Amino acid sequence: MDEAYIYDALRTPRGKGKKDGSLNEVAPVKLASQVLKAIEKRNNINTEDVDDVILGCVHPVGEQGADIARTAVLEANWHESVAGVQVDRFCASGLEAINIAAGQIMSGQSDMTIGGGIESMSRVPMGSSGGAWMADPDVAYHTYFVPQGISADLLATKYGYSRTDVDKYAVDSQKRAATAWKEKRFKNSIVSVEDQNKIEILSHDEYMRPETTMQSLASLEPSFSKIGKLQGFNDVAILKYPEIERLEHVHHAGNSSGIVDGSAAVLIGNKEMGKKYNLRPRAKIRSFASIGSEPTIMLTGPAVSAEKALKRAKMDVSDIDLFEMNEAFAAVVLRFMDVLNIDHSKVNVNGGAIAMGHPLGATGAMIMGTILDELEREDLSTGLVTLCVGAGMGTATIIERV
Amino acid sequence: MILKNFKLEVEKTGICILSIDTENSEINTVNTSVINEFEYVVNKLTNDEDIKGVIINSLKKDFHFGYNLKELLKIKDKETLFNIIIKQNKILRTLESSGKKVVSILKGKTFSGGLEIALSSHYRVAADDPETLFAIKDLNFGLCMGMGGSQRLPRLIGINQTIDLIINRKSLTASEALKIKIVNEIVAKNQLMKRAKEIILDDSTFVQPWDDKNNKDSKLKPFDEKNFGFFIGTISKTHSITKNHYPGVKTFMSCLFEGLNSNIDSGTKIESRNFVWLLNHQETKAMIKTLVINKPRKNLLNSSIKELANILRKNYAAEGIRLLLQGVSPAIIENAGKRIGCSEGPLATADTIEIKNIINQLDFSDANVTAFIGLMEQKSRKGKSSGAGFYDYKNTVRIKIWKGLEELVALSKTQPEVFKIETRLLFILVNKFSSEADNYMKNNKIEEQDYFSIKKCNFPAWTGGPYSWIKNYGIEKFIEESNDFAENLGPRFIPSKKILTLVKN
Ligand SMILES: CC(C)(COP(=O)(O)OP(=O)(O)OC[C@H]1O[C@@H](n2cnc3c(N)ncnc32)[C@H](O)[C@@H]1OP(=O)(O)O)[C@@H](O)C(=O)NCCC(=O)NCCS
């Protein structure tokens, strides 16, 4: 098996995913192509050497449809020989893209690949791609479908995370993200988004609320209690989990992942490609794994996928220096840390999606860049990236600096 | 062919009056011989060049029309059944697409298949009469449409309105039906035929919306932005209410989901497949047998039937308290009760009827229950009307299980699986009903008692009543397990003589 090396990782800043968000003006294909161009420029590669560009995207419809990866390759004016494929593993799409890209290198079928992702949630809103999972009555009944927010509240109820627990976690996320930005810890990885005149549109994560406190969060109403009651989702969750009397709705806009726009790309290649372009490998992929888990509670997959990836790498939880566990909802991270018995000081040390937002298809690739930068900054060695995934899945990747 | 169920009159003007009057039945009923005759009649008139249009009329009081369920249930081969349903649907399709203008005149109850037939005509004239009503309430006995209604109705009035009508089992008056285009026109009862003839002879066009190539109505598809949220919300809502029973509800939603992304021909096939599946479902069969086929002709009830309903509620509540004292968590007890189809859990029921009122249903094996009720009284946890019981209340609205319960009872570390508790609750209800029912109703046949258990004693309808439920559960298995329960938990589980005689039959 060949080694798959990470040579670079870049991302756009995250724009607020609403019509008044800065990146709402930018079409998704342009967000994706700008990151590809930046990768090309910074590493001075001849794009003809790139075999495949794999981009995660959760709503591949409308302007994100018709294979946005290949479209972005063409829009970036890369060589026409570069293939492109869009993948969807819901929230872990960006990480899955990296895993597939790495897999191509490891199996010796490609020499250089891109794994990344794109999501403009302000232009192609969540839910746009429909799906039999929730809309085919046979499937929805059979899987006890509830939306992610209800699953997050179910998880919190079942494992006893109170409103205080989840809010405390959210305040930490905001503080950590604020420090990271203040100390310019992301500067190596951010590509400012520009218009066709090279006028800068956005250069920082604009969703953040560093002033957040326990008191300011306390005033927020739970986001999922109304649909949970009115549309029967609470009762469907309880039908699946009869040991629960009633759902406690603890998640709200301040402790759930933010809705944002963004894209990211990670350059992966074999040893020869590094030599050819005189690139220093920043890390190698040790192992990766995806798993399926119970779909109604939906968000318990990360720990299981992490364990599977650890086993493949013949490693133990204690061998990992830093973790990035996507902050889809606060309770998901709390549960992940409890199951694997990991201290919060090793997890999401620069904040996460609660503070900065979660551009669905791109997030996995973004937090890969974040962990890489942080391992280098702290001069640590191993990192594990994982995300919870819709319909009950988890994806994890372990990297090691070289 | 000698017509026994239809009458055909062809007038010189080219108008054909097709009157339905199925033999030996109070309401128009479709069995295989009716379908054969219907096919013959429709082929004949659609091939007759002299006929311009057809008026469909019912010679009975109502325009009601429905499959003969007794006959259909006897058909064991699913493909045979499917072919029968498909044939009926093809007849209606032939009628609406033959190039003849079809007008139906509607009076009395246009229910079930009656409405489905009316929808396959091009124009519907209704009698201006308070007795003119429109509905498809087949979900009441577990069934869903089987003559194309699930495809024509949403294509005519939209998905959301169809869901409202069918899931909520609404009846519409003529003017309500007019408002949402289920009927095209209302006229005085004695003008129906005259008006229908005028319509046939005028030069108005007649193409069904689903056959109109220029019709791009976006109300149609579940995935349209306008419908999507409501559609998935309805799936969830119905799932949460039916709690994995009453499969007709899901089947109806499936007909919409699968059928509306298709055309009318594929759509009616989809509906027919769903219909056959549903008709073969054990719960549907049980409900149809009890609520339709064996519906009692005579009602010999007296007012004490209410007392029987009360006894059942009290015993249901008492069993909840016994389970609690055995260490079962309140959540599992309450959810088990709701999962078998009771409107509230046993402990909530105890609160509603006032906890102490249960005592007269306890027996010698229940000393601990009596003591516990005394303890609850001491703590002023008397029930709903006093605002504190097993639950906390806020202005008589139930909030959540009282925290203090955890100090009064020791809950087991390992909790039983919920279906075991469901079974136990059903056993207590069935045994209690069976040993008491003869004292409270003069109808003493088991089929009659099944019917009244549902209609008068809130017994969950999906079971088809206690006796149907035992039969489906397995009579011998039920008796054996009841005896086990009786040995371990008390004599209340001893099966009645009536149940024991089921084995012999
Ligand atoms: C939770 C969720 C529904 C909230 O959406 P929203 O209500 O549109 O959120 P907003 O950002 O508009 O915030 C709502 C309010 O909370 C306030 N708020 C948000 N974060 C806050 C914070 N940290 N401190 C104080 N107030 C805050 C906002 O000011 C806003 O108030 P306003 O309307 O008065 O301005 C949405 O973020 C969500 O769905 N997140 C999960 C995404 C997801 O499911 N991803 C895929 C699966 S992981």
Side-chain angles (χ1 to χ4, degrees), chain A residues 59 61-62 65 123-151 153-154 157-158 160 162 224-249 295-296 298 390-391, chain B residues 221-225 227-245 247 249-258 260-261 274 277 328-339 345 347-348 390-391 398-402 405 411 415-419 421-422:
Chain A
H59 292 299
V61 295
R123 293 175 69 96
V124 186
M126 259 202 297
S128 297
S129 50
W133 171 30
M134 65 287 278
D136 183 327
D138 278 328
V139 184
Y141 270 57
H142 179 68
T143 59
Y144 296 78
F145 168 80
V146 298
Q148 276 95 336
I150 300 291
S151 302
D153 286 340
L154 172 63
T157 307
K158 184 166 165 67
S162 67
F224 307 103
S225 103
K226 203 164 142 203
I227 60 155
K229 270 190 208 107
L230 288 184
Q231 307 213 21
F233 291 122
N234 288 353
D235 286 341
V236 170
I238 289 172
L239 203 54
K240 181 80 189 187
Y241 287 86
E243 68 272 28
I244 286 172
E245 183 206 342
R246 49 181 244 142
L247 242 59
E248 302 295 340
H249 294 285
T296 304
M298 203 186 308
Chain B
K221 296 192 176 122
F223 280 114
D224 289 336
E225 211 178 317
N227 298 329
F228 191 63
F230 179 71
F231 195 78
I232 66 171
T234 304
I235 293 175
S236 162
K237 187 115 208 176
T238 54
H239 192 192
S240 75
I241 292 170
T242 57
K243 302 206 158 31
N244 296 337
H245 297 295
V249 180
K250 187 189 77 176
T251 303
F252 164 64
M253 294 300 288
S254 288
C255 288
L256 297 182
F257 177 78
E258 295 165 2
L260 290 179
N261 205 12
N274 274 300
W277 179 86
V328 180
S329 90
I332 291 187
I333 296 170
E334 297 297 85
N335 285 326
K338 291 185 231 167
R339 290 164 76 97
L347 301 177
F390 287 104
Y391 283 82
R398 205 161 52 226
I399 305 297
K400 59 172 195 276
I401 295 277
W402 174 45
L405 264 190
L411 299 185
Q415 289 290 322
E417 286 187 64
V418 71
F419 81 88
I421 308 302
E422 291 172 48

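Order of the sequence lines fixes the chain letters, A, B, ..., with proteins taken first and strands second; residue numbering starts at 1 for each chain. All values reported here derive from a predicted model rather than from experimental measurement.
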**Q** I'd like to know which of A/Ala140, A/Ala132, A/Gly127, A/Gly131 tops the heavy-atom pair count under 4.5 Å against chain B.
**A** A/Gly131
**Q** Which region of A/Ile227, side chain (C-beta onward) or backbone (N, CA, C, O), has a non-hydrogen atom less than 4.5 Å from a non-hydrogen atom of chain B, or is it both or neither?
**A** neither
**Q** Check whether any side-chain heavy atom of A/Trp133 lies under 4.5 Å from a side-chain heavy atom of B/Ile232, and answer yes or no.
**A** no
**Q** If you measure from CD on A/Gln231 to OG on B/Ser240, what distance do you get to the nearest 0.5 Å?
**A** 10.5 Å
**Q** Which heavy atom in A/Gly130 sits nearest to a heavy atom in B/Phe223, and how many Å separate them?
**A** CA-CE2, 3.7 Å
**Q** Hey, what's the ring geometry for B/His239 with A/Tyr141, parallel, tilted or perpendicular (30° and 60° as the breaks)?
**A** parallel
**Q** Please state whether the side chain, the backbone, both or neither of B/Thr242 comes within less than 4.5 Å of a heavy atom of chain A.
**A** side chain
**Q** Against chain B, work out which of A/Gly232, A/Ala237, A/Pro137 has the most heavy-atom pairs shorter than 4.5 Å and name it.
**A** A/Pro137
**Q** Determine whether A/Glu243 and B/Val418 make a side-chain contact, defined as any pair of heavy atoms from C-beta on separated by less than 4.5 Å.
**A** no
**Q** Between B/Lys250 (side chain only) and A/Asp138 (backbone N and O only), is there a donor and an acceptor less than 3.5 Å apart?
**A** no
**Q** Can you say whether B/Glu417 sits under 4.5 Å from chain A via the side chain, the backbone, both, or neither, judging by heavy atoms?
**A** neither
**Q** Looking at every non-hydrogen atom in both residues, tell me the closest pair between A/Ala135 and B/Phe228 and how far apart they are.
**A** CB-CE1, 3.8 Å
**Q** For B/Tyr391, is it the side chain, the backbone, both, or neither that has a heavy atom closer than 4.5 Å to a heavy atom of chain A?
**A** side chain
**Q** As a test of understanding, state which of B/Ile401, B/Asn335, B/Ile332 forms a side-chain contact (heavy atoms from CB on, under 4.5 Å) with A/Glu245.
**A** B/Ile401
**Q** For A/Leu239, is it the side chain, the backbone, both, or neither that has a heavy atom closer than 4.5 Å to a heavy atom of chain B?
**A** both
